[in-house]
Structure formats: C-alpha cells, structure tokens
Amino acid sequence: MSEVFPKSFVFGAGTSAYQIEGGRTDGKGESIWDRFAHTSPTMAETGDIACDHYNRFRDDIGLMAELGLDAYRFSVAWTRILPDGVGAVNPAGLEFYSNLVDALLEHGIEPWLTLYHWDLPQALEDRGGWTERSTVDAFVRYAEVVADALGDRVKHWITHNEPWVAAMVGHRDGVFAPGRSSWPEALSAAHHLLLSHGRATEAIRIRVPGARIGPALDCRPSYPASQSAEDIAANRHFDGFRNRWFFDPVFGKGYPADILDAYRARGRFEGDLPDFVLDGDLVAIAAPIDFLGVNYYTSLAISAGADETEDTGVPAGPNPPEGHTEMGWPITPNALSEFLTRIQGDYSPPSIVITENGASFSDGPDEDGVARDQRRIDYLREHLAAVARVRESGVPVDGYFVWSLLDNLEWVAGFSQRFGLVWVDHDTQERIVKQSGRWYTDVISRRGLDT
Ligand code: FCB
C-alpha cells in the first residue's frame, strides 16, 4: 500500500437539504420539491421527514467525526432562509445552519456549503422560476444573505449542484421538479442557472475574504457506440448537449457553436443566440472560480438516433463496465480518469474536486447488525484509484466527496435507492455505519488505498 493522497487532499461526504432534512417547520417555506413530491404521481415518497436530520444533525455530525471526515458537503434550503425566495429573512433558518456549521467546526470538520441543490422556493416558481431572469437576482440576494451570515466560518462555497439536471430533467423531461416539459424553457432555465452561478460567485467573493468558490457540474462522459460516422457525430452532439453546454460558458468559451447550430436547426430558438442571452451575460457566467466541482457516477455509449437520450442502456465504449449499480448505471471508473484528463486539457481549472461519487447498493445490516456492502467498497476504491492515477499525471484533483453520508431520499426513486456510507432505517431513523464507512475511515487515516 502506498500513500497516494497528501494531507492537504480533502476527503468528505455529501448530502443535500431536501434529501435528508425533513423539518418543515420553524418558518420554512414550500419548495418546488415539496410541491412536486406531494402532487406528482411519480413520487411514492416525500422528503417531509427524510432522515430527520433537521432534528438529528448533532448526532449525524458525531457520525461524521467517527468516520474521520475532513469535510462535509451539505446544501442550504433556500426556503428556510427566505421562505418566499425574496422578501423577509427567516432568522430561524439561518440559525439552523449557523448551529450546523459551529458543530462541524467543533469537530474539526470543514463545512462545504452548496447554495442550490434543486429546491427552488415554490413562490418563485409560481412567477416563472428559472425561466425568469428575476430569479437570478433573487438567487444572488439569497447568496448574499447566506454569505453575510456564515461567511465568517464557511470558506468553501458551491453555487449550483448539477445545473444540467435542474434545467433538463426539471424543465425538458418533466421528470424532476418543477415538472415542466419544454425545450425553450429548459434552455432558458439553464442560462439563468449559469448566470446566477457567475453573479453569486462574484457576490460571495466580495463578502467572504478567502472564500473558495465553484460550481458542482455533473458530467456524463460518452463514447460512440461504434466507429461509424453517424455514431461519432451523435456522440459529439450528446457531449455538447450534456457536458459542453455547461462547461464551456463557465470557462469563458461561451455556448458551443455546433450545439447552437443544432438547437437552432431543431427550432429551439431563433437568431444568433437565444433572446434570453443578454449582453454581458457570458462574461458574468465566466466569473473566475477557485475549483471545479465534478459529480461523477457513470458513462454512456451513444448511437445515432439516440443522441439526446440519457438511458441508451448501452455499456460504455472502450471501457467495458464492471457491472451495474442498483440505479442501473454501468460502473466505469476509467471513464472518470479519461474525463478528468480531458477537462484539464480543455479548461485548465485551477483545482478540481470530486463533489459527488458513489453507488446505490441496498446491502443492509445482517443478523449481526453488520452492513456488509462490499460492492460499494469496490466501487469507491476503483474510482479513488482513478483519481490517484490522474493526480500522478498532474491533473489537480484536490478532494473527493462520497455521495452520500446517509441513505436518503433519492428524488423520484424514493428511499429504495441507498447511496449511504451509513445505513438509515427509514422507519426508526436508526443509523448504522456500513462496512464501506469503516473502509473509508481507514482510507482517510492512511491517505491511501488498500490494494
Ligand atoms: C446526483 C444528485 C444527488 C444524488 C445523486 C445520486 O445527480 O446531485 O442529489 O441524487 O445524483
């Protein structure tokens, strides 16, 4: 076993507000996920209680300390801070996160705060949500309020989590909240999410001396299903739709020309640029960042005819999958190392942090109360090994957050999909650290992988 990660490398675990908090109380407003969970026939379960983390956060921080985490990535629920998205601040909401941050710091755990993990205030959605430019201003104000309240203690800031998912799955596919199904709305939402990332980055920078700020972008590396010209072209388009449309503007390259052409040809907007892209927007989106957060789970193979389809069901090209997780996602760690190398070549971010990586496996406690989730250990080991490999070749990956600390509400999949290092009994709220959690503790303390 060799020491592959330096002391400065950050090992953490992540969660998000709607997936774990529960606690619809103390002045919290309704978010689009509250509304969606209660009204969409596709949602069998809600986050009303989730992991009851709102009431159990001190115990959960105790578990983080037991795991030996360097850092904890959590998200703030906008509706706790500003119940209607704009207007009056709810002091109880700020107090909750202030207490959380204090308790983390008391345990020597660095808080990594995500401002937006998809839970837009419903009051803003009622006024057009992310398709409205005014939501950008509302988000910046929310960022300012949180920065003013917590910036003395929180130094790591993530603006948005997976804007592709928020825009496309929420506004194009109708599968996630707010459940819209319109291409023009999805593109407008994507633009306003990106713009609000850039503007909030600047706002936090002014308010929080020494802040380190970045977005958490989801990436889906893809490969052509064959070497036919059609599959290669379809794959190039998929990559533009899925990855470059977000990465390019964040790094100052504007929207990719080939995808603008394709979207225009498909009637999704008219003119050179969509009309919601105003002068100065692309400069604002490209505000300098301190790190790029990368969320990675799997990769895909793309064939002609399925060029904007997430679920091709085809295992990924040159890197055959090592099985699937229970989400049905192919396990492709080599695609992670290839993608990180490509990002470094294309964009040269100053630092990269894996803000999410993990696997859904339902292995729970046996009759001895031990949760033997060897498949999760294998998944995490392989992906950390991929990170170690690219670090050796000079790609500046400086941190890694397992998704997730706790088994939680996996959006429309409910509690059936378990990503946690810690088992949660959703009836009793009992927590049991899984074998993967024990393994991770060992990795963190040794700063290296067992072989
Ligand atoms: C990501 C989300 C996260 C979780 C994982 C499995 O897309 O950011 O909340 O659902 O997938």
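Hydrogens, waters and symmetry mates are skipped; everything else that's a heavy atom, side chains included, is used. Remember, it's 1-based here, ligands and their atoms both numbered in the order they're listed. This chain uses plain numbering: 1 for the first residue, then up along the sequence.
- At distances below 3.5 Å, at least one donor-acceptor pair connects side-chain atoms of Arg205 with backbone N or O atoms of Pro288.
- Nearest protein heavy-atom contact of atom 5 (C) of ligand 1 is Tyr297 OH, 3.2 Å.
- Ring geometry, Trp411 versus His117: the interplanar angle falls under 30°, so the pair is classed parallel (tilted spans 30 to 60°).
- In this structure, Met327 falls outside the shell of residues with a heavy atom less than 4.0 angstrom from ligand 1.
- The single protein non-hydrogen atom nearest to atom 7 (O) of ligand 1 is Glu162 OE1, 2.5 Å, given as residue, atom name and distance.
- Contact annotation for Trp118 and ligand 1: only side-chain heavy atoms (C-beta onward) come within less than 4.0 Å of the ligand.
- Using a 4.0 Å cut-off to heavy atoms of Trp411, the atoms of ligand 1 that qualify are 3 (C), 4 (C), 9 (O), 10 (O).
- Heavy atoms of Asn161 found under 4.0 angstrom from ligand 1 belong exclusively to the side chain.
- Taking the six-membered ring where the residue is Trp, Trp112 and Phe291 present tilted rings, their angle falling between 30° and 60°.
- Near Phe419, the atoms of ligand 1 lying under 4.0 angstrom from a non-hydrogen atom of the residue are 6 (C).
- In terms of polar-atom proximity, Glu410 is counted as a contact of ligand 1, with an N or O under 3.5 Å from an N or O of the ligand.
- With Asp407 as reference, Lys434 is the one residue of His426, Gln19, Arg431, Lys434 to meet the side-chain hydrogen bond (donor to acceptor under 3.5 Å, both in side chains) rule.
- The shortest N/O to N/O separation between Ser16 and ligand 1 does not fall below 3.5 Å.
- Arg376 forms no cation-pi arrangement with Trp423, by the criterion of a distance under 6.0 Å to the ring centre and an angle within 45° of the ring axis.
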* Asked: When you look at His192 and Glu132, which way does the side chain to side chain contact (heavy atoms under 4.5 Å, CB included) test go after all the steps?
  -> CA-CA 8 Å; His192 294 132; Glu132 279 296 321; 5.9 Å; no
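- Contacts between Gln417 and ligand 1, counted as non-hydrogen atom pairs separated by less than 4.0 Å, are absent for every part of the residue.
- Within 6.0 Å of CD1 on Ile432 lie more than 12 heavy atoms contributed by other residues, nucleotides or ligands.
- Within ligand 1, counting atoms from 1 as listed, the ones closer than 4.0 Å to a heavy atom of His117 are 2 (C), 3 (C), 8 (O), 9 (O).
- Remark: ligand 1 and Glu356 share an N or O pair separated by less than 3.5 Å (distance only, no angle test).
- Salt-bridge check for Asp239 with Arg244: passed, with a basic side-chain N closer than 4.0 Å to an acidic carboxylate O.
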